[in-house]
Amino acid sequence: MHDNAPQHEYDAFAKALLDWFAAARRPLPWREHYTPYGVWISEIMLQQTQMERGVDYYLRWMERFPDVASVATAPEADLLKAWEGLGYYRRVRNLQAAARVIMEQHDGIFPDLPDAIRALPGIGPYTAGAIASIAFNHDVIAVDGNVERVFSRVFDIDTPVREKTAATRIRMLTARTLPKGRARDFNQALMELGALVCRKKPDCTACPVARFCESLHLGIPHERPVPGRRQPIVPLDVVSGVLVHEGRIFVQRRPDTGVWAGFWEFPGGRIEPGETPEEAIIREFREETDFAVRPTDKLAVIRHGYTTYRVVLHCYLLHIDASSRSAPPEHPVITAATDHRWATLADIDALTLPAGHRKLADLLAADLRFAGL
DNA sequence: GATACGTGGAA
DNA sequence: TTTCCAAGTAT
């Protein structure tokens, strides 16, 4: 298709897409009946998150927090725990902030006007459009990564879709294609097509709108969308220490800003150039707690990534080094945290940990050496 | 516009 | 194993 195609061409595209969606739509829990609260939670949860992972979290969340009021009044730690493992934890805090705005400024009723939805914390242009259309069937677009991919192929857009010219064009094309009164199904159909058919490796033989697709006609759908500049991945070697003293494990709470804000963790940090992991963990504990520690065992090497880092996490079992001056166990000198605890494994299970540290905690729980803890 | 912000699945 | 990236937002 071309931008200057006649309107009936756009309409035919929309009809083919809607007919396909009616048959191919996946039965997802938030599609059983469209409630504003359910659509909101699902949309926030699925931001930059794969569908399969989202479903389990969604069902547990709805069980635990069935409405806006329950989110507004819940302890933040409970919300965070329910979100543990999903990533982008700022979403949780924004969720609660938005819930409180809805309770206080909208009488507890989820707003239906696009501008009012957009004004809520954590809701940007995509999510505002998604809620306004999917929950309320308002005639507004919802352009996410799927829609950008689909349209970059259908209209053979040869510049990166995130750059302004292409982004503006895609939104104009989406608005022109959207059939009045059908935004709920149309927006979901476009995303569903991107998720099931027009994927990174497109399955054009199964595509209901193949006859409209310019890049397919040119034989280059796999060359669309044109990738933008990507951030380099930074490899990082990190140490983490499980300090055991009198049957308890030392954990600390991260600051309220930055990555994993407010999360609990085993102390540690980056291995500096020229440093062994053992030297690094001793230094980190001295810096962060003023404890003198002695590594007694290497527990694991855990690989995980976060945002633009690829981390190798070297994990050590530690004890207080009686031969060195150390802060007393009950009075660490906390410099990198807002709180600390001498915890049992059951305590740790109930805290919220970053994924890498949660893996370490799970290893401890399965290790007979820690059976009494 | 660039960057911070997580995680695990897929290839 | 490494790389890419999935229903983005805030700053």
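What you see is a predicted model, and the numbers here were worked out from it, not measured in a lab. Throughout, a chain's letter reflects where its sequence line sits, starting with A, and its residues are numbered from 1.
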Seminar exercise, completed: Rounded to whole Å, OH of A/Tyr126 lies from P of C/dA6 at a distance of 14 Å
Exercise. Are a donor atom and an acceptor atom from the side chains of A/Tyr126 and A/Glu43 found within less than 3.5 Å of each other?
Worked result: yes
Exercise. Distance check: side-chain N/O of A/Thr49 vs OP1/OP2 of B/dG6, anything under 4.0 Å?
Worked result: no
For this session: Decide, yes or no, whether a salt bridge links A/Arg25 with A/Asp185 under the criterion of side-chain N to carboxylate O below 4.0 Å.
Result: no
For this session: Could you tell me whether A/Arg149 contacts a base, only the sugar-phosphate backbone, or nothing, with contacts defined as non-hydrogen atoms closer than 4.0 Å?
Result: sugar-phosphate
Problem set entry | Toward the 5' end of DNA chain C, by each residue's nearest nucleotide, A/Gly122 or A/Leu46 | A/Leu46
Seminar exercise, completed: From OH of A/Tyr309 across to P of B/dT7 the rounded distance in Å is 14 Å
Exercise. A/Ala130 near the nucleic acid: base, sugar-phosphate alone, or nothing, with a heavy-atom cut-off under 4.0 Å?
Worked result: nothing
Problem set entry | Distance, rounded to the nearest Å, where A/Arg303 contributes CZ and C/dT1 contributes C1' | 9 Å
Problem set entry | Separation of B/dG8 P from A/His304 NE2 (nearest whole Å) | 9 Å
Problem set entry | Toward the 5' end of DNA chain B, by each residue's nearest nucleotide, A/Lys359 or A/Tyr88 | A/Tyr88
For this session: Using whole Å, report how far CZ of A/Arg118 lies from P of C/dG8.
Result: 15 Å
Exercise. Given the P atoms of B/dG6 and C/dT3, what is the spacing between them in whole Å?
Worked result: 22 Å
For this session: Using a 4.0 Å heavy-atom cut-off across all strands, classify A/Gly54 as base, sugar-phosphate, or nothing.
Result: nothing
Exercise. Contact class for A/Arg26 vs. all strands (heavy atom < 4.0 Å): base, sugar-phosphate, or nothing?
Worked result: base
For this session: Look at the rings of A/Trp40 and A/Tyr37 and say which category their plane angle falls in: under 30° parallel, 30 to 60° tilted, over 60° perpendicular.
Result: perpendicular
Exercise. Using a cut-off of 4.0 Å on non-hydrogen atoms, how would the nucleic acid contact of A/Leu28 be classed: base, sugar-phosphate, or nothing?
Worked result: base
Exercise. When all nucleic acid strands are considered with a 4.0 Å heavy-atom cut-off, which category describes A/Pro125: base, sugar-phosphate, or nothing?
Worked result: sugar-phosphate
Exercise. Would you say a side-chain N or O of A/Arg199 is under 4.0 Å from OP1 or OP2 of C/dC5?
Worked result: no
For this session: Whole angstrom is fine here: how far is it from CZ in A/Arg230 over to C1' in C/dT3?
Result: 9 Å
Exercise. Any idea which of C/dG8, C/dA10, B/dA2 is nearest the A/Asp144 side chain?
Worked result: C/dG8
Exercise. Would you say the ring centroid of A/Phe250 lies under 6.0 angstrom from that of A/His340?
Worked result: yes
Exercise. Across the strands shown, which category fits A/Thr127 at heavy-atom distances under 4.0 angstrom: base, sugar-phosphate, nothing?
Worked result: sugar-phosphate
Exercise. To the nearest Å, how far apart are A/Met45 CE and C/dA6 P?
Worked result: 20 Å
For this session: Under 4.0 Å between any heavy atoms, over every strand shown, what does A/Leu86 touch: base, sugar-phosphate, or nothing? Just pick one.
Result: base
Problem set entry | Carboxylate-amine/guanidinium proximity below 4.0 Å for A/Arg341 and A/Asp347 | no
Exercise. Do the charged groups of A/Glu148 and A/Arg162 touch, with an N to O distance under 4.0 Å?
Worked result: yes
For this session: Determine: side-chain N/O of A/Gln50 to OP1/OP2 of B/dG9, distance under 4.0 Å, yes or no.
Result: no
Problem set entry | Residues A/Asp290 and A/Arg325 bridged, charged N to O under 4.0 Å | yes
Seminar exercise, completed: By nearest-nucleotide position on DNA chain B, the 5'-leaning member of A/Gly305 and A/Lys201 is A/Gly305
Exercise. Has A/Arg310 got a side-chain N or O lying under 4.0 Å from the OP1 or OP2 atom of C/dT3?
Worked result: yes
Problem set entry | Residue A/Tyr306, side-chain atoms from C-beta onward, closest of B/dG6, B/dT3, C/dC5 | B/dG6
Problem set entry | Geometric cation-pi criterion A/Arg254 and A/Trp264, 6.0 Å radius, 45° cone | no
Exercise. So among A/Tyr306, A/Tyr89, A/Tyr309, which one has a side-chain contact (heavy atoms from CB on, under 4.5 Å) with A/Val259?
Worked result: A/Tyr306
Seminar exercise, completed: Between CZ of A/Arg90 and P of B/dA4 the distance, given in whole Å, is 12 Å
Problem set entry | A/Gln231 vs B/dA4: side-chain N/O to OP1/OP2 distance below 4.0 Å | yes
Problem set entry | Close residues, residues 152-174 of chain A, relative to DNA chain C [heavy-atom separation under 4.0 Å] | none
Seminar exercise, completed: From the candidates B/dG8, C/dG8, C/dC4, the one with an atom nearest any side-chain atom of A/Gln48 is C/dG8
For this session: Map A/Glu43 and A/Pro121 onto DNA chain C by nearest heavy atom, then report which one ends up closer to the 5' terminus.
Result: A/Glu43
Problem set entry | Presence of A/Trp260 side-chain N/O under 4.0 Å of B/dT7 phosphate oxygens OP1/OP2 | yes
